[in-house]
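Side chains are part of it too, since the values below use all heavy atoms of this structure and drop only hydrogens, waters and symmetry mates.
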Amino acid sequence: MVPSLDRMPDATSHLIRYAGGFTHGVVDRAKGTSIFTEDGRELLDFTSGQMSAILGHSHPAIVEVIRDQVGRLDHLYSGMLSRPVLDLARRLAGTLADPLDRAMLLTTGAESNEAALRMAKLVTGKHEIVSFARSWHGMTQGAAGATYVAGRSGYGPAAPGNFALPVPDRFRPSIVDADGNLDWRRQLDLGFDLIDAQSSGSLAACLVEPILSSGGVVDLPPGYLAALRDKCRERGMLLILDEAQTGLCRTGDWYAHERDGVVPDILTLSKTLGAGLPLAAVLTSAEIEQEAHDRGFLFLTTHVNDPLPAAVGNTVLDVLVRDRLDERARELGAQLQGGLRELADRHPVIGDVRGRGLLVGLELVGPHGTDAQGTGAQSADALGAAVTRRCAELGLHMNIVQLPGMGGTFRIAPPLTATEAEIGRGLEILDTALTDVTR
């Protein structure tokens, strides 16, 4: 059984709780797709750490480059440059459409979004930001202002000029066509009608994820991103894509926006770029970078363009290319989603399976079809929590969207280096957990 928190006095005596509670047990080490606790338990990691460790834990190539680089060059004054930084900037540009050939390296997704928003405001001379009503872009000031899924209550007013756009959720559509399916074009038009009515004429940028992760693993419908880009161009706004979780092969493509043939004005990366280590990036065009520079762009952190994490980023790119992990994500994603749909045939509490590659959403519904958004919200939240606990007891770490009213939605994101056997074992554990909880 999983130990209780009363056997972990340090967790309650000395730590600030920053996002609810902590998982039970103390982790001792991790390797590949497995996490090992101090009391000898093994957990299959179906969240890649914090949705980041796309190469699994303690990947030999990452271990080797850290050992070498930390003994050679780890940290510099922010104005100095190193070969790993120059190489990573050049190589990231090579993975993208030609216009995005200028890069800035930071540490977290919140930092990269903060820098992108400051750049967009400076270049456009405007200040209003649009993002999805179930977005998560970070907890620093600008990023938090563009975050709506959580963290808004109790902290006072956000910066003025932040507007929410309705989420094009095909499983729970808010606007439907004659057949009862999501009418995302009409929803998008209505969303911008409302934004235009509230705007002071200072729309600077739209910041979105191609697949909303904390918002419930909602994959934007094909064509939506191109239509959103057009809405931005009509208003002189920049389109910023946050690919913290979808970038670098996770969805089966190098970047999730490739499917739609849309090139953003600014792209932000984090999580997957460092494969679990603190590394993020902002990428934009030479024209936007030049305009920002001419206007005195300032975004400085202690660890901007640090050589150690940049060396890790270069190694991540090496492994992704060498092992063709974009293809691997497609193959394992097909196995995972196929297995989850088979489970849905046997477990009526599974309402929907969605996602791309190895970023998959599984939404549970409560008794009699009630869900986490409607009258059965408590039932779905409780069901998700119970399944999560049972999976942990059986040796599988699963992650629900741990927010009131969304606790029935799992975010499933195993490492791209997982094996077919590990995917199969995870599916078996989930099957058992669902059976045990619902019988």
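- A perpendicular orientation is assigned to the rings of Tyr18 and Phe22, their planes being inclined by more than 60° (bins at 30° and 60°).
- Comment: Asp189 does not engage Arg186 in a salt bridge, judged by the lack of any side-chain N to carboxylate O separation of less than 4.0 angstrom.
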For this session: Assess whether salt bridge (charged side-chain N to carboxylate O under 4.0 Å, His left out) is satisfied between Asp87 and Arg90, documenting all intermediate values.
Result: CA-CA 5 Å; Asp87 287 347; Arg90 171 182 53 81; 3.5 Å; yes
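- Proximity of a side-chain donor or acceptor of His59 to a complementary backbone N or O of Ala61 within less than 3.5 Å is detected.
- Remark: Lys121 pairs with no residue by the salt bridge (Lys or Arg N to Asp or Glu O under 4.0 Å) rule, at least two apart or across chains.
- The shortest side-chain heavy-atom distance between Ile350 and Val353 falls under the 4.5 Å cut-off.
- Judged by distance alone, with hydrogens and angles left aside, the side-chain atoms of Arg295 form no donor-acceptor pair with the main-chain N or O of Met119 at under 3.5 Å.
- A side-chain donor-acceptor contact under 3.5 Å links Arg356 to the backbone of Ala256.
- Residue Ile266 holds its CD1 atom at 9.5 Å from CG of Leu239, rounded to the nearest 0.5 Å.
- The environment of Asp294 atom CG is dense: over 12 non-hydrogen atoms of other residues, nucleotides or ligands sit within 6.0 angstrom.
- Side-chain contact between Cys249 and Glu327 is absent, with no heavy atoms from C-beta onward closer than 4.5 Å.
- In this structure a side-chain-to-backbone donor-acceptor pair under 3.5 Å is missing from Ser270 to Ala280.
- In the model, Asp306 has a side-chain atom that pairs as donor or acceptor with a side-chain atom of His303 under 3.5 Å.
- By the 4.0 Å N-to-carboxylate-O rule, Arg259 lies close enough to Asp219 to be salt-bridged with it.
- A heavy-atom distance below 4.5 Å is not found between the side chains of Phe46 and Asn399.
- When all heavy atoms of Pro168 and Trp184 are compared, the closest pair comes out as CB-CB, 4.2 Å.
- Nearest approach of Thr272 to Glu243, heavy atoms of both residues: OG1-O, 4.5 Å.
- Of the possible donor and acceptor atoms, none in the side chain of Arg229 sits under 3.5 Å from a partner among the backbone N and O of Pro264.
- Remark: side-chain polar atoms of Arg390 are not paired, donor with acceptor, to backbone N or O of Ala385 under 3.5 angstrom.
- Contact annotation: the side chain of Met398 approaches that of Ile412 to within less than 4.5 Å [non-hydrogen atoms, C-beta and beyond].
- Side chain of Asp45 to backbone of Gly49: a donor-acceptor contact under 3.5 angstrom is found.
- The shortest heavy-atom contact between Tyr148 and Ser131 is CE1-OG, 3.2 Å.
- Asp196 has a carboxylate O that lies under 4.0 Å from a charged side-chain N of Arg235, or vice versa, which qualifies the two as a salt bridge.
- Checking side-chain atoms of Thr315 against main-chain N and O of Ala311 turns up a donor-acceptor pair under 3.5 Å.
- By the 4.0 Å N-to-carboxylate-O rule, Arg425 lies too far from Glu420 to be salt-bridged with it.
- With respect to Arg233 and Asp265, no salt bridge is recorded, no charged nitrogen being found less than 4.0 Å from a carboxylate O.
- The side-chain heavy atoms of Leu283 and Asp101, taken from C-beta on, include no pair separated by under 4.5 Å.
- Annotation: the span from Arg330 atom CZ to Leu416 atom CG amounts to 11.0 Å, rounded to 0.5 Å.
- Heavy-atom minimum distance, Asp260 versus Gly223: OD2-N, 3.2 Å.
- Evaluated for a side chain to side chain contact (heavy atoms under 4.5 Å, CB included) with Ile54, the options Leu358, Leu320, Thr417 yield exactly one hit, Leu320.
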Problem set entry | Residue pair Val304, Glu111: steps toward the side-chain contact (heavy atoms from CB on, under 4.5 Å) verdict | CA-CA 10 Å; Val304 63; Glu111 273 188 354; over 6 Å; no
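- Here the rule is side chain to side chain contact (heavy atoms under 4.5 Å, CB included) with Tyr255, and of Thr246, Leu269, Leu241 only Leu269 fits it.
- From Glu209, atom CD reaches atom CG of Leu220 across 9.0 Å, with rounding to the nearest 0.5 Å.
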Problem set entry | Full working for side-chain contact (heavy atoms from CB on, under 4.5 Å) between Leu273 and Leu92 | CA-CA 10 Å; Leu273 180 58; Leu92 282 174; 4.0 Å; yes
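- In summary, the side chains of Gln187 and Asp183 do not present any donor paired with an acceptor at a separation below 3.5 Å, with no hydrogens or angles considered.
- Heavy atoms only, all atoms of each residue included: Ser112 and Gly109 are closest at OG-O, 2.9 Å.
- Looking at Gln245, its side chain never comes within 3.5 Å of a backbone N or O of Ser213 through a donor-acceptor pair.
- For Arg346 and Asp431, the salt-bridge test passes: some basic side-chain N is under 4.0 Å from an acidic carboxylate O.
- Residues Leu188 and Tyr224 have side chains in contact (heavy-atom distance under 4.5 Å, counting atoms from C-beta outward).
- Side chain to side chain, Glu128 and Ser202 fail the donor-acceptor criterion of an N or O pair below 3.5 Å.
- One finds the CG atom of Leu279 at 8.5 Å from the OG1 atom of Thr107 (value rounded to the nearest 0.5 Å).
- Minimum heavy-atom separation, Ala146 to His137: O-CD2, 3.3 Å.
- Looking only at side-chain heavy atoms (C-beta outward), Thr388 and Phe410 come within less than 4.5 Å of each other.
- Ile62 CD1 to Leu277 CG: the interatomic distance, rounded to the nearest 0.5 Å, is 7.0 Å.
- Here the side chains of Arg102 and Ser285 are not in contact, with every heavy-atom distance at 4.5 Å or above.
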For this session: Take Met104 and Glu289 through the test side-chain contact (heavy atoms from CB on, under 4.5 Å) and record every step on the way to the result.
Result: CA-CA 10 Å; Met104 177 184 192; Glu289 190 278 336; over 6 Å; no
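- Using modelled atom types, no side-chain atom of Arg134 and backbone atom of Val149 make a donor-acceptor pair closer than 3.5 Å.
- Atom CG of Leu336 is separated from atom CZ of Arg341 by 9.5 Å, given to the nearest 0.5 angstrom.
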